[in-house]
Amino acid sequence: MAIRRGQFILTPAKKLYKRRKLAALQHAYHAWATQNEERCFGSDFPIKGPLVSIVVPVYNPLASDFMSMVYSVVNQHYSSWELILVNASSDKASRRLTKQAELIDSRIIVVDHDNKGISDNTNAGLEVARGEYIAFTDHDDLLHACALHACVEALSKGAGLVYTDEDKIKADGSFYFDPFFKPGWSPDLLRNVNYINHLTVVKSEYIKRVKGLRGETDGAQDFDMLLRIIDVCEPEITHIPRVLYHWRAAASSTASDIGTKTYVLDAGTHALQGHLDRTGVKAKAKAIANRPGFYECAYKLPSSVTIVVGPVGEAYKLLARTWLQDLLGSFSEYEKVQIIAGEWSKELELKQGTSLTQVEDNKFWQDAAKNIKGEVAVCFNVATLPRDKHAINKIVGKAYGHASVVSPLVINERNMILDAGLVKGGQGLQPLFTENHVSESTFFGTTEWVRNIDGLTGNVFAAQASTMSDILSHATNQLEHSAFSKMPINSLVVDGMALHVFMGTLRDAPLADKGHFNPQLARAYAPNVVNASAWGSISERAERDAK
Amino acid sequence: MPNKVAFIIVGWNNKDLLEDCIGSADQQNYKHVSVYYVDNGSKDDSVEYVKKNFPHVIIVEPGYNTGFAKGNNIGIKEALKDPEVGYIALLNSDARVSSEWTAKLVEFCSQKPRAALLQGTTFDYYDHRVIDSTHIYISHNGQGTQGNWRHYYQRELGPRKVFGPNAAACMITRAFIEAQPFGEELFDETMFMYLEDVDLATRATIMGWDNYLVPGASAYHMGSASSGKNPGFSLYMTFRNNSALLYKNLPAKMLIKMIPDIIRGDIDTLRELRRTNRQAAAKKVLKGRIVGLFRLPLFILKRRKMSRARTIPSQYLWNLMKKGY
């Protein structure tokens, strides 16, 4: 067998270095998290107020985990709460322990129930709940001492649904790791993964309107209820950018062996499909095979698509022609394909159904905008090729189905992300995930997810014909990315997954006081903002080279 | 529901401190209060002083120096004879409480049927920005530690379930006293002084009762005024009682896990004392540890009783023996 270059020394060394860096990051996070537990930001919001009901279905927990959970609620700074424990354990010792928990505090209520599935157990608890707001917790997870205080403060300002950041805690409670700093409200991210999850506090009237959890979606019952509340009640959704919930990575929870539970995947697909049907989107929900918890929507494709290729410099004409030929060969699902390009595209070999519209360079964008004939248009300013044959369909389908501006994740041959969109950071719009790999799970989620972002770089993007005409007719000859920052919702699609990036934590969070932890973004505050079009469009490079 | 609070103050030769101490117990907002003074055979005229200045205080005189543990036990037994007393408040003679202390603790107790021992935040007597203790706990190396000792006060740390309170200013519920397995002997009299409050706190935690740090209540404590004049004595007694404390309460597997850390802690203490040129104190520590180990057979029966009364899972107990708890 041939020996690969770097097989014995360089590659293992690099892998070890990366592993140690990640371990150092996790340890740094743990140090911060232990400090965070003590951080109760002084706000004048009173500690007595509207009642919050915390509903916990209890099923055979470990005794120490369960007691830790109960005391983390008893130790809350906000004092108007009631804890409803639904005693559905099959094990007698657990039943006795849950019953004894009633003696700890007069605000704890134990509801005895036979185990009929987690949805039914939780609904039994919801019937007894008297609170104005309802929170759900797992029977072995921990709450920050200020969790309820922060949530009720946000809810009293007019929100209907509030969610916070979370992190994981080892089974014995000794180490905090893997935080998840969630973005602000991102409807497209919710269609990809249940990112809201813990800790969510909702108005109880919404839960009564959607009639609680549904038994047929057990395994993803909270995802289903969340989608139904969002569709039916249209609440105002607020994100609290503080880590207020600790999810115990115990062997018995879904955190570790979700892959083996196929009913969970089916339940999630069913929930997501219900959401798509209720909102009238013509798409099919699918669970991604070896990524439990991630879903994707397979959209109905339009019959005609337009490809707009931006102005190409003199030196790159041959390259552009070759590239465009390859691009056209990489997909085949459309009846009519229209290409809008400059003069260099004269000698292209066009297949059946492909038409070519040539536009002069001096009024390129305005003329292109007028000539779009397809239902969806994809604009290329950089020569990128899709990673597989479904990539183009994903962005075209999403633009068609959700009427948003969609951009794919641009990666290089080593799977490093070159372009993941722009988000509002400490210094204006900044590129996201610049030093991450394509499937890396960072503290801000997996890089491949569909996200809502604040701006596009304009390298590659797709939109419905009317939207695209709007964008292009306002563009100048050098297509600047600021043109896209005016679009309200932009989506980012990677060849494989649609991504939206919308990072609320990046927005106006100075490092010191609000308890945010982002060493990965520390350089966002350092003065080396990457010029988003550093690698430039083809025409820019041509001009530069011509000088 | 009996809700009278009985203050129990044990004094030995500290007449100068009694005015502030008993005075603060008198000036509580909560009116249903009675005060008991237990005099451990003082040589100065503390008893006459109290009789003259605080005539409503009930004085108990055992006649000889019974120590902190037995003195409190006598006072508690006397106080519980009154059926209206629902809570016992222990106050060191070198401590005083603020005027809303009793009210805050009683209000907190009303929602917690399983509360055994409670305290507010105890500050330093002279510098009110410095915390003397918020709680007390056994650390993973077996030493009884005051929580947040000499930390600056930044924000309220309660309400929080803690391992146990510092007995300088704490409250005990009657329900717990009547439920604990050693009958009339609440504090362990075999431990004459030092660490018997940690022992009581451990007992409450192990039996499944809860000890809390209550928000908003403040007390002020000088710290070792009685035996501050004799620091070697305090070190000796601490290390002597430490082995008894651990042997009596903790499960065997946990003890075995802790032994290397205990030894390491002792060696560190000795090295620190030698380094700061306190050789006499180092000798006391060693003597205390050895004498304590020889005294372990005295606690065999008590250990057996405690292991039968233990209800808490030991992993949870281990988690509680950490800095914040």
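In what follows, every chain begins at residue 1, and chains take the letters A, B, ... in the order their sequences are listed. Values below: every heavy atom of this structure, side chains too, minus hydrogens, waters and symmetry copies.
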Task: Atom group of B:Q154 that falls short of 4.5 Å from chain A, counting heavy atoms - done: neither

Open item on the list: Taking atom NZ as the centre, does B:K31 end up with more than 12 heavy-atom neighbours from other residues, nucleotides or ligands that are less than 6.0 angstrom away?
Closed with: yes

TODO: List for me each residue that meets side-chain hydrogen bond (donor to acceptor under 3.5 Å, both in side chains) alongside B:R174, sequence neighbours excluded, and say none if there are none.
DONE: B:E178

Open item on the list: I'd like to know if B:R160 pairs up with A:E38 as an ion pair, taking the criterion as any Lys NZ or Arg NE/NH1/NH2 lying under 4.0 Å from an Asp or Glu carboxylate oxygen.
Closed with: yes

TODO: Hey, could you give me the CH2/CD1 distance between B:W209 and A:I104, rounded to the nearest 0.5 Å?
DONE: 12.0 Å

Task: Interatomic distance, B:F108 atom CZ to A:S79 atom OG [nearest 0.5 angstrom] - done: 10.0 Å

Open item on the list: Given heavy-atom pairs under 4.5 angstrom as the criterion, report whether the side chain, backbone, both or neither of A:D172 touches chain B.
Closed with: both

- [ ] Can you establish whether the number of heavy atoms outside B:E107 located under 6.0 Å from its atom CD is more than 12?
- [x] no

Task: Distance, nearest 0.5 Å, that separates CZ of B:R114 from CD1 of A:I108 - done: 12.0 Å

Task: Over 12 foreign heavy atoms within 6.0 Å of CZ, B:R129 - done: no

Open item on the list: Looking at every heavy atom in both A:S64 and B:P313, which two are closest together, and how far apart are they?
Closed with: N-CG, 4.0 Å

Task: Spacing of B:L320 atom CG and A:Y71 atom OH [to the nearest 0.5 Å] - done: 8.5 Å

- [ ] Quick one: do B:K112 and A:R107 satisfy side chain to side chain contact (heavy atoms under 4.5 Å, CB included)? Show the steps, please.
- [x] CA-CA 9 Å; B:K112 306 266 198 291; A:R107 296 167 284 188; 3.4 Å; yes

TODO: Kindly compute the distance separating CG (B:D210) from CE (A:M67), expressed to the nearest 0.5 Å.
DONE: 7.5 Å

TODO: Please confirm whether the backbone N or O of B:K161 pairs with a side-chain atom of A:N75, one donor and one acceptor, at under 3.5 Å?
DONE: yes

Open item on the list: Please classify the contact of B:L213 with chain A as side chain, backbone, both or neither, using a heavy-atom distance under 4.5 Å.
Closed with: neither

Task: Interface moiety of A:Q76 toward chain B, non-hydrogen atoms closer than 4.5 Å - done: backbone

